[in-house]
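Notes follow the structure.
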Amino acid sequence: MKPIQLYDTYTRSLREFTPLNPPEVGLYTCGPTVYDFAHIGNLRTYLFEDILRRALEFNGLRVKHVMNITDVGHLVSDADTGEDKMEKGSRRMGKTAWELAEIYTDEFKKDLGRLNILEPVIWCRATDHIPEQIDFIRCIEAKGFTYRTTDGIYFDTSRLPDYGTLGRLDIEGLQAGARIEMGEKRSPTDFALWKFSPAGQQRQMEWPSPWGVGFPGWHIECSAMSAKYLGSFFDIHCGGEDHITVHHTNEIAQTEACYGTRLANFWLHGYFLQVGEDTKMSKSGGGFLRVQTLLDKGYDPLAYRLFCLNAHYRAKLNFTWEGLDASAKSLERLRATAFEWGAPGVVNTEFGERFAEPVNADLNMPRAMAVVWELVKSELPAPIKKATLLEFDRVLGLRLAEWQPQDAAVPAEILVLVEQRQRARQEKRWQDADALRARIDAAGYILEDTPQGPRVKAGKG
Ligand code: AMP
Ligand code: ZN
C-alpha cells in the first residue's frame, strides 16, 4: 500500500504520515460540549474523524483514540467572557449542570452509534480531571507564563514567541483591533486557565484550587487529558475548522509552555457543514438538524454518513434535502446490490489497491466512492465483488455486511434499534441487547434471528 498522506494544518501542507510509535497511533479528537444535542454539522466533524481512524486501521495501524467530553468551562464567548454554557443550559432545562451533562453525553453516544462512528478507546470528562488540570496550570505558572486578574489566572501569550502559528494569527492586527471586551487581559489573545467563581455566587460546578475557588478554562482540559492518555507529543489531533484559531492554538500554547512540544505531530481539521451559502450549521442559529430529525423524517442515519462521504473533509459542504435523498437512494442501491451478490469470496487485490490509493491520499473519499461504483459495475464474479466491497466497508462504515431486505413497513427508527441490538450482541452486551429487543417488541415489531442475521417484520394489528 502507498504511504498515507495527510494534510497538516500546522505546516499547511500534505505530509507523509508515519506513527511515532508504530503500529500504535495516538489520536485525540476534541469532543462535544454537552449542554445541548449535537447537530448534524458537529457530527460531520466526528464522521471525518471516524473515517480517519478507520483509514489508519485499514492500513494495519492500531489507533488509541481519545475523546474528551467538555462538561465545564466552555463559556458562551470564545474570548472567555459570558456565562458557562453548562450553567446556562442548566437554567434553560431546569436540571442541574451534572444532569445536563449526563443527558447530552448519552444522546451524543447514541448519535455516534446511529452513524456507525466507532467509539473512542478512551472517553474522558473534563470534570473527572480537575487535579490534572490544576497540575498543568501549576506547570505553566512555574515556567512563568501566567498572570492574575480579578476574575482568573490567564495565559500570557506575549511570552511565547511562536504563539498563534497554527492559526497564522496576525497578533499585531488583533492587538490594534482590540476593544473593551478585553477586560483586564493584557493582550486580546491571552486566555483563561482558571476562572474564579463570581464573588458572592456559588456555581454548580466549582472546585478549590491554589488560586481560589473556581473552574478550569476551556482549553486546559485538552492539554491535560491528552498528556495523561497519549503523552506530551503524540500523532494526530483533530477538530472542526473553528478550532484552528482559538481552541487548538491555545492548547498548543499551554503544552508548549509546559513541555516544550507542539502537542501533536499532525493537526487535522474538518470543514463545516453549511445550511445555505456561507451559513454554518450552529446550535444557536436556525436549521438545527439532529440525527433524530432525520429519523423522524424516515431517513436512515447512514444516508447522512454517505452524504458526507461524497464530499472531501477539507471542503465546506452544503446540506440540502435533495442531496440527502440522492444519498439515501445510493445507499439503498448499494445495499440491495451487495445483498444480491450473496456470500463473499476472495478480495480482488487490484480493486483493493485502487480504493486504498485515494483513501491514503488525504482521505479523498469522493474518489474512493467512485472506485466503489466502478466495482459495482465491473464484470467480476459476484462473490469477489462482495468480498471486495465488504473490505471497503471497513473504511466506509455503511454496515453493508449486516443489511438485509426488510419489510417495507418497518420504519428506519426500528431498523436502527435492530442494528444497535446486533452490535450489542457482537460486543456481548447481553443486557443491552435484551433491552433493545424489548423496545422492538413493545413497538409492535417481530424480530427473528436467522443464519443471515436479524429480520424484522411489522407485527399484527
Ligand atoms: P461543540 O460541541 O460546539 O464544542 O462542537 C463540537 C465539534 O463540532 C467541534 O469540533 C466543532 O468544530 C464542530 N462543529 C461545529 N459546528 C460545525 C459545523 N457546522 N460543521 C462541522 N463541524 C462543526
Ligand atoms: Zn480540545
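Whatever order the structure lists them in is the order used to number ligands and atoms, beginning at 1. FYI, side chains are in, hydrogens and waters are out, and symmetry mates aren't considered; it's all heavy atoms of this structure. Heads up: numbering here begins at 1 and tracks the sequence.
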Checking a contact table here: which protein heavy atom is nearest [atom], and how many Å away?
atom: atom 5 (O) of ligand 1; answer: Asn42 ND2, 3.4 Å
atom: atom 18 (C) of ligand 1; answer: Phe272 CD2, 3.1 Å
atom: atom 3 (O) of ligand 1; answer: Lys283 NZ, 4.0 Å

Are Lys195 and Trp211 in a cation-pi setup, meaning NZ or CZ lies under 6.0 angstrom from the ring centre and within 45 degrees of the ring axis?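 Not satisfied by the 6.0 Å and 45° rule.
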[X] neighbourhood, listing ligand 1 atoms whose heavy-atom distance to it stays under 4.0 Å:
X: Lys280; value: 16 (N)
X: Met281; value: 16 (N), 18 (C), 19 (N)
X: Pro32; value: 2 (O)
X: Thr45; value: 10 (O), 13 (C), 21 (C), 22 (N), 23 (C)

Verify the distance test for [X] against the Zn ion (ligand 2): any N/O/S atom under 2.8 Å, yes or no.
X: His248; answer: no
X: Cys30; answer: yes
X: His247; answer: yes

Compute the shortest N/O to N/O distance between [X] and ligand 1 and return yes if it is under 3.5 Å, no if not.
X: Asp242; result: yes
X: Leu273; result: yes
X: Cys30; result: no
X: Gly41; result: yes
X: Tyr46; result: no
X: Gly240; result: yes

Does some side-chain heavy atom of Val66 sit less than 4.5 Å from a side-chain heavy atom of Met225? no
Set of residues satisfying side-chain contact (heavy atoms from CB on, under 4.5 Å) with respect to Glu256, sequence neighbours excluded: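 Applying side-chain contact (heavy atoms from CB on, under 4.5 Å) to Glu256 gives Tyr10, Leu160, Asp162, Ile252, Arg262.
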Relative to ligand 1, is His39 under 4.0 angstrom through side chain, backbone, both or neither, heavy atoms considered?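 The part of His39 near ligand 1 is the side chain, not the backbone.
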Just by modelled atom types, is the Leu118 backbone N or O under 3.5 Å from a matching donor or acceptor in the Asp50 side chain?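 At least one qualifying donor-acceptor pair exists.
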Ring-ring centroid check [X] [Y], cutoff 6.0 Å:
X: Phe266; Y: Phe17; answer: yes
X: His269; Y: His243; answer: no
X: Tyr229; Y: Tyr28; answer: no

Taking the minimum heavy-atom distance to atom 2 (O) of ligand 1, which of Thr33, Leu47, Thr29 ranks first?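 Selected option, by shortest heavy-atom distance: Thr33.
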Salt-bridge contact Glu402-Arg423 (side-chain N to carboxylate O under 4.0 Å):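 Looking at Arg423 together with Glu402, the answer is no, because their closest N to O distance does not fall below 4.0 Å.
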Under a 3.5 Å cutoff, is there a donor and acceptor pairing between the side chains of [X] and [Y]?
X: His65; Y: Glu49; result: no
X: Thr261; Y: Ser232; result: no
X: Ser327; Y: Asp325; result: no

Name of the Glu251 N, O or S atom nearest the Zn ion (ligand 2)?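 Among the N, O or S atoms of Glu251, the one closest to the Zn ion (ligand 2) is OE2.
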Compare the SG-SG distance of Cys30 and Cys222 against 2.5 Å and report whether it is shorter.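 No.
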